[in-house]
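Sequence lines set the chain letters: A, B, ... in the order given, protein chains first and strands last, and positions in each chain run from 1.
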Number of protein chains: 2
Amino acid sequence: MRIGELARRTGVSERALRYYEEQGLLRPERLPSGYRVYTELDVAAVRRVRLLLAAGLSTAQINEALPCMVDEDELLQPKCSGLVDALAAHRDRIEEAIGELESTRANLNALIGRARPVG
Amino acid sequence: MRIGELARRTGVSERALRYYEEQGLLRPERLPSGYRVYTELDVAAVRRVRLLLAAGLSTAQINEALPCMVDEDELLQPKCSGLVDALAAHRDRIEEAIGELESTRANLNALIGRARPVG
DNA sequence: CTTGACTCTCACGTCAACGTCAAGCTTTAC
DNA sequence: GTAAAGCTTGACGTTGACGTGAGAGTCAAG
């Protein structure tokens, strides 16, 4: 398929898809005309990219992460574990922030008296 | 204390502290000279700001979050719960990313055969 | 009262992840 | 074969969270 269809199927703009290629996250074939040609695999690849972007990774980090997420064997273990660790650290920071907010909310609930259950 | 000391004590640059004020996250007093004067409370406030920034919130979101984290009563409940929800959603996205990476890692471990335990 | 450390307010620079034209090929439809 | 739709490569604009001086006032010490 070409860039327009991939954009529609992934919900990602053409500009973003070209940007991902520029960053080495996608490597589409080219027609003699210069048109980019993508495969079904690229649909999944774009989904992964968006997932990792949403999780807070940079394109550079994703560049290291993507090889880890392809179901092929090439022994790219070591990099992978580092990435999982980094993500886990990120998650921990978020957990901490949530914890502080929740405890403060609990304090407020207590102070206010007729504490609303949760929502 | 003045800005230099607060910067040293929090590990945050003076530029950042002025920026936080510009965004309404800090409201230091001023000396007749114009010098900013901070209190001990501001040390904790800066810590909270950094925590939330690290968790992925924008200064605008933090502006809504900070009132929730002050241990005073003023019934600012409703905003709070929305924020906790937003943070939780963010965390969930990260959990998802971690999950995918971990399962792929497991797959690779299986493929490679002599699977290294965890690290 | 002068030096040096500290602080002030502009104001432009940066980096990432795109948005948004512009100008010009290519492919598809009729 | 021509118009519309789709694609190409630039290249400049944008937003957020600051970095980095510039030029000038202020405060503590000798």
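Here the CG-CG distance, from B:Leu53 to B:Leu25, works out to 7.5 Å after rounding to the nearest 0.5 Å. To the nearest 0.5 Å, the span separating CD on B:Glu5 from OG1 on B:Thr10 amounts to 10.5 Å.
For the pair B:Arg36 CZ and C:dT9 C1', the computed distance is 9 Å after rounding to whole Å. Straight-line distance from the CZ atom of A:Arg15 to the P atom of D:dT9: 11 Å, rounded to whole Å. Rounded to a whole Å, the CD atom of A:Glu22 is 10 Å from the P atom of D:dT9. If you take CD of B:Glu5 and P of C:dA5, they are 18 Å apart, rounded to a whole angstrom. The distance between atom CD of A:Glu21 and atom P of D:dG10, rounded to the nearest whole Å, is 12 Å. As a whole-Å value, the separation of B:Leu53 CG from D:dT15 C1' is 15 Å. Distance CD (B:Glu14) to C1' (D:dA22): 16 Å, rounded to an integer number of Å. Remark: P of C:dA17 and CZ of A:Arg50 are 11 Å apart, rounded to the nearest angstrom.
Here C:dA17 is the nucleotide among C:dA17, D:dC18, C:dC18 with the atom lying nearest to any side-chain atom of A:Thr59. Proximity note for A:Ser58 (side chain, C-beta onward) versus D:dT8, C:dC18, C:dA17: the nearest is C:dA17. The side chain of B:Arg2 lies closest to C:dT7, out of D:dG6, C:dA17, C:dT7. Counting only heavy atoms from C-beta on, B:Tyr19 has its side chain closest to D:dA17 among C:dT7, C:dA17, D:dA17.
A close approach under 4.0 Å does occur between a side-chain nitrogen or oxygen of A:Arg30 and OP1 or OP2 of D:dT9. Contact annotation: A:Ser13 reaches the phosphate of C:dG19 (side-chain N/O to OP1 or OP2, under 4.0 Å). Between A:Ser33 and D:dC7 there is no side-chain polar atom (N or O) within less than 4.0 angstrom of OP1 or OP2.
Under the 4.5 Å side-chain criterion, counting only non-hydrogen atoms from C-beta, A:Arg2 is not in contact with A:Leu6.
Residues A:Leu52 and A:Val12 are members of one and the same hydrophobic cluster, defined by side-chain heavy-atom contacts under 4.5 angstrom among Ile, Leu, Val, Met, Phe, Trp and Tyr.
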Step-by-step side chain to side chain donor-acceptor pair (under 3.5 Å) determination, A:Arg50 to A:Tyr20: CA-CA 10 Å; A:Arg50 300 297 289 188; A:Tyr20 295 160; 2.7 Å; yes
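Using a 4.0 Å heavy-atom cutoff across all strands shown, B:Leu31 reaches no nucleic acid atom at all.
Where A:Tyr35 and A:Leu17 each meet DNA chain C at their nearest nucleotide, the meeting point lying more 5' is that of A:Leu17.
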